Amino acid sequence: MKKNILFIILMFSFIIKINATEKINYLESLSIENYELNFKKDVYEYDITIDEEEMLNINYELSDDNAYVSITGNGNFNSSENVIVINVNNDYKYKINVHKPIKVSYITNDEIIQEMSNHEKDILKLLIVTVSSIVVVYMSYLFFYKK
């Protein structure tokens, strides 16, 4: 009976020592090229707003050389929710919420005319003169002949 109790105590202390020496893996550093992240290893969620990128260049440094990282959600960003998850040995998950604004643009008439070539401008002038002439002739007809 004493041998069994001693064996159980030794096994229990062995298990405790193994668990105590396990390394917890986390990120030492995290950065995204062309964006400021202000990384802190004990903060697990970040927000960034991107421009037109299809994929982000994510750089990181691990606390242990034997640790591994899996990154999901990096790419094909849309204007709704985009989340990049960086998983370190299934111990820690860092989330980056990626916001992509909707671009709305408009072109004024002056910008359209400035983009036209000289030939296109001449055609536009001719069209304006022709339409104006037709309107003047029609208005004259209505005013003088329809009375």
Side-chain angles (χ1 to χ4, degrees), residues 1-139 142:
M1 178 80 169
K2 276 186 166 183
K3 286 184 182 182
N4 288 342
I5 292 174
L6 182 61
F7 178 72
I8 291 173
I9 291 172
L10 286 174
M11 282 298 289
F12 185 70
S13 66
F14 180 73
I15 291 172
I16 290 174
K17 283 183 182 179
I18 289 176
N19 288 336
T21 59
E22 271 186 21
K23 237 183 179 178
I24 296 178
N25 299 298
Y26 54 87
L27 293 179
E28 283 288 339
S29 68
L30 176 65
S31 64
I32 298 176
E33 190 173 304
N34 299 324
Y35 293 96
E36 191 171 326
L37 202 58
N38 294 326
F39 176 76
K40 295 178 183 167
K41 62 184 171 187
D42 57 342
V43 175
Y44 302 102
E45 192 161 351
Y46 299 89
D47 289 284
I48 63 167
T49 301
I50 63 170
D51 294 318
E52 296 295 323
E53 289 86 346
E54 290 297 319
M55 182 176 272
L56 297 175
N57 188 7
I58 299 172
N59 302 303
Y60 58 85
E61 185 180 326
L62 295 167
S63 63
D64 180 13
D65 291 338
N66 295 322
Y68 64 89
V69 170
S70 66
I71 299 175
T72 58
N74 186 15
N76 199 19
F77 303 117
N78 56 45
S79 59
S80 62
E81 292 185 26
N82 302 290
V83 179
I84 298 173
V85 177
I86 302 169
N87 192 344
V88 182
N89 276 24
N90 293 324
D91 292 333
Y92 291 102
K93 286 185 181 180
Y94 297 87
K95 291 183 180 181
I96 303 170
N97 300 308
V98 180
H99 308 282
K100 187 174 184 179
I102 299 172
K103 300 275 183 179
V104 177
S105 63
Y106 64 92
I107 299 175
T108 64
N109 289 337
D110 292 339
E111 290 171 341
I112 293 172
I113 291 171
Q114 287 174 354
E115 291 179 14
M116 290 182 174
S117 67
N118 285 334
H119 180 69
E120 291 171 327
K121 288 179 183 177
D122 291 339
I123 292 173
L124 182 61
K125 288 176 189 175
L126 181 64
L127 181 64
I128 291 171
V129 168
T130 304
V131 170
S132 299
S133 299
I134 292 171
V135 168
V136 167
V137 168
Y138 183 72
M139 295 300 290
L142 288 177

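Values in this document were obtained by computation on a predicted structure and should not be read as measured data.
- Within 6.0 Å of the CG atom in Asp42, the count of heavy atoms belonging to other residues, nucleotides or ligands exceeds 12.
- A heavy-atom distance below 4.5 Å is not found between the side chains of Lys40 and Asn38.
- Using a 4.5 Å heavy-atom threshold, the side chains of Ile32 and Ile50 count as separate.
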Side chain to side chain contact (heavy atoms under 4.5 Å, CB included) between Asn97 and Tyr46, worked out: CA-CA 6 Å; Asn97 300 308; Tyr46 299 89; over 6 Å; no
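- Atom OG of Ser132 and atom CG of Leu127 lie 9.0 Å apart (nearest 0.5 Å).
- The environment of Asn76 atom CG is sparse: at most 12 non-hydrogen atoms of other residues, nucleotides or ligands sit within 6.0 angstrom.
- The line from OG1 of Thr130 to NZ of Lys125 is 13.5 Å long, rounded to the nearest 0.5 Å.
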Evaluation steps, side chain to side chain contact (heavy atoms under 4.5 Å, CB included), between Ser70 and Asn87: CA-CA 5 Å; Ser70 66; Asn87 192 344; 3.4 Å; yes
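- The two residues Lys100 and Asn78 make their nearest non-hydrogen contact at CB-O, 3.5 Å.
- Taking both residues in full, the closest heavy atoms of Phe77 and Ile84 are given as CZ-CD1, 4.1 Å, listed atom of the first, atom of the second, then distance.
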Output side-chain donor-acceptor pairs under 3.5 Å for residues 55-62, partner residues at least two apart or in another chain, one line each.
residue	atom	partner	partner atom	Å
Asn57	ND2	Glu33	OE1	2.5

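- In terms of heavy-atom proximity, Leu27 sits nearest to Lys41 at O-CB, 3.3 Å.
- Ring planes of Phe39 and Tyr94: tilted class, angle from 30 to 60°.
- We find the CD1-CD1 distance between Ile86 and Ile96 to be 4.0 Å, quoted to the nearest 0.5 Å.
- Within a 6.0 Å sphere centred on CD of Glu36, heavy atoms belonging to other residues, nucleotides or ligands number 12 at most.
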